[in-house]
Amino acid sequence: MAADDGRLERLEKRISALEDQVAIYQLLMTYGPSADSGSDDVVRAIHHPDAEYDSGLEVFSGGDGIADMIASLPLHREIMATGSAHIATMPVVRVDGDRAYAVCHGQLLRFDKQADAFRVWRATAVRLEFRRTDDGWKIYRRVNRLLDGSDGSHQHFRDGLGAVAAIPAEAPAG
Amino acid sequence: MAADDGRLERLEKRISALEDQVAIYQLLMTYGPSADSGSDDVVRAIHHPDAEYDSGLEVFSGGDGIADMIASLPLHREIMATGSAHIATMPVVRVDGDRAYAVCHGQLLRFDKQADAFRVWRATAVRLEFRRTDDGWKIYRRVNRLLDGSDGSHQHFRDGLGAVAAIPAEAPAG
Amino acid sequence: MAADDGRLERLEKRISALEDQVAIYQLLMTYGPSADSGSDDVVRAIHHPDAEYDSGLEVFSGGDGIADMIASLPLHREIMATGSAHIATMPVVRVDGDRAYAVCHGQLLRFDKQADAFRVWRATAVRLEFRRTDDGWKIYRRVNRLLDGSDGSHQHFRDGLGAVAAIPAEAPAG
């Protein structure tokens, strides 16, 4: 029986790890449709009360502050009113106990009625941190950097790859 | 043994839930490459016989009707012949028994030979419903709405967030 | 006990299958941020020593050769220096023992400072093969084809759908 107990425990841990991974996928992918539709209640619900969102243009503090941005920031309301798609790629995720880290691409597309097309206004390097709470996983920190070729934008992705442990421990020299 | 039995059953349920989630990811992500390559057989196979696809431009009914669109709708054949990328973001998914719901972004990129670039012709708010059949999960309903800033497009995403339960039960007032 | 043993074994197999799926998601999604940030060490780490990458413009051979492209190919360095986003959609994946196959869309966005926007320079049909090694899953082969409307690009996606078993065994005639 003891042997089975250990086997079951290991299985439970592996399933929990997969569930965490999927929960974080869902959390991150919920943001874009919420931002595009002005769903400040959803944005509040997916963020930690102490969350911080650095969009690369401005920093928003607290789940309430981020929700307020969605509800009433003039730039956000204008982007929504003229047609927007806040897009994220599937993230690379590393869960470490009650914290998790992710890296992905962000895009902000804006509708151009004249051109009958969308303009990719911003494409960003995105780093995220998540925290496990009594109410499930929440977005704790998000930092976007415009992929404009700057050293800072490259370093941002590089740091993000380090946080998700993609960078090999013994990196080849050079 | 009874205790282990319950434990095993719970594990099996959790694994099944993860398998459903992944099956729906795969189903949705299969559509784009099939549409771009005119693979009407694949499009038929991933749809429910009674599926409906409202592209925002036109409504196609039945798995056969949707496959026929891929095989012979002049607009679709022209889009394919001049170069297209039917792109979807990773969806937010909620499985509820033998039904599942999802929300994601859609994009239709078209090749512009002169510009040596792709134009994002359409970016849409996408809502989906899936049904579990004897032959596995199938796409049952898909509705795209152009993200043109209209109230209807915002409401479409908002309704989709409700269907995947992203909207908190006790939403804060305002 | 024998009954439980079989049940546990089946659970372990199902969990392993899900873990493989997620490992391949992570592997593929790691490439873009690595390419954008010039992280040749990461690119080397995620590729098989005998990997081959056919970008549609040029063929790079070996994990070292692909890493060298990231580190020093003039075109890649120029793309990075002026701002790029190497984007992939969530892939459709089929694991078959120690090999796995995937199909997805690729995009290469380049920053246009004058236009204050990103140009979708390339959108591609992407096919991948992965190999399980003692050091985990690795990218073994990647072939991109520009979605320019050519028969070759359509066939590339079509072949990819076959490799991930999306094409029904008994495809309807026509």
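The sequence lines fix the lettering, A, B, ..., with proteins before strands; numbering per chain opens at 1.
- Per-residue heavy-atom pair counts under 4.5 Å with chain C were compared for B:Ala71, B:Ser37, B:Ala45, B:Ala88, and the maximum is reached by B:Ser37.
- With hydrogens and angles ignored, the 3.5 Å screen pairs no side-chain donor or acceptor of C:Ser72 with any backbone N or O of C:Met69.
- Atom OG1 of C:Thr124 and atom CZ of B:Phe118 lie 8.0 Å apart (nearest 0.5 Å).
- Between chain B and the residues C:Arg119, C:Arg110, C:Arg94, the largest count of heavy-atom pairs under 4.5 Å involves C:Arg119.
- Between chain C and the options B:Asp112, B:Leu109, B:Asp116, the largest number of non-hydrogen pairs under 4.5 Å is found for B:Asp116.
- Using a cutoff of 4.0 Å between basic side-chain nitrogens and carboxylate oxygens, C:Lys138 and C:Asp135 are scored as salt-bridged.
- With ring centers used as reference points, B:Tyr140 lies 6.0 Å or more from B:Phe130.
- Neither the backbone nor the side chain of B:Ala67 comes within less than 4.5 Å of any heavy atom in chain C.
- Taking the ring centre of B:Phe60 as origin, the terminal cationic atom of B:Arg142 falls outside the region bounded by 6.0 Å and 45° from the ring axis.
- For B:Thr89, no part sits under 4.5 Å from any heavy atom of chain C, backbone or side chain.
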Working for salt bridge (charged side-chain N to carboxylate O under 4.0 Å, His left out), residues C:Arg131 and C:Glu129 | CA-CA 7 Å; C:Arg131 294 274 172 99; C:Glu129 185 182 334; 3.0 Å; yes
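- A donor-acceptor contact shorter than 3.5 Å is absent between the side chain of B:His48 and the backbone of B:Gly62.
- B:Thr30 touches chain C through backbone and side chain together, each having a heavy atom under 4.5 Å away.
- Residue C:Gln155: no heavy atom, backbone or side chain, is found under 4.5 Å from chain B.
- With hydrogens and angles ignored, the 3.5 Å screen pairs no side-chain donor or acceptor of C:His105 with any backbone N or O of C:Ile87.
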Would C:Arg158 and B:Asp41 satisfy salt bridge (charged side-chain N to carboxylate O under 4.0 Å, His left out), going step by step from the backbone distance to the final call?
-> CA-CA 11 Å; C:Arg158 177 98 188 139; B:Asp41 52 346; 2.8 Å; yes
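- Residue contact with chain B, scored on non-hydrogen atoms closer than 4.5 Å, is absent for C:Ala125.
- When heavy atoms are compared at a cutoff of 4.5 Å, B:Leu18 approaches chain C by way of both its backbone and its side chain.
- For chain B, the option among C:Leu147, C:Val93, C:Val164 with the highest count of heavy-atom pairs below 4.5 Å is C:Leu147.
- In this structure, chain C has heavy atoms under 4.5 Å from both the backbone and the side chain of B:Ser39.
- Interface residue B:Ala85: backbone and side-chain heavy atoms are both found under 4.5 Å from chain C.
- Neither the backbone nor the side chain of B:Gln21 comes within less than 4.5 Å of any heavy atom of chain C.
- Among the candidates B:Ile46, B:Leu11, B:Asp36, B:Thr82, the residue making the largest number of heavy-atom pairs closer than 4.5 Å to chain C is B:Asp36.
- Interface residue C:Leu146: only side-chain heavy atoms are found under 4.5 Å from chain B.
- The salt bridge (Lys or Arg N to Asp or Glu O under 4.0 Å) pairs that include a residue from residues 46-66 of chain B are B:Arg44-B:Asp64, B:Glu52-B:Arg141, B:Asp54-B:Arg145, where partners are two or more places apart or lie in different chains.
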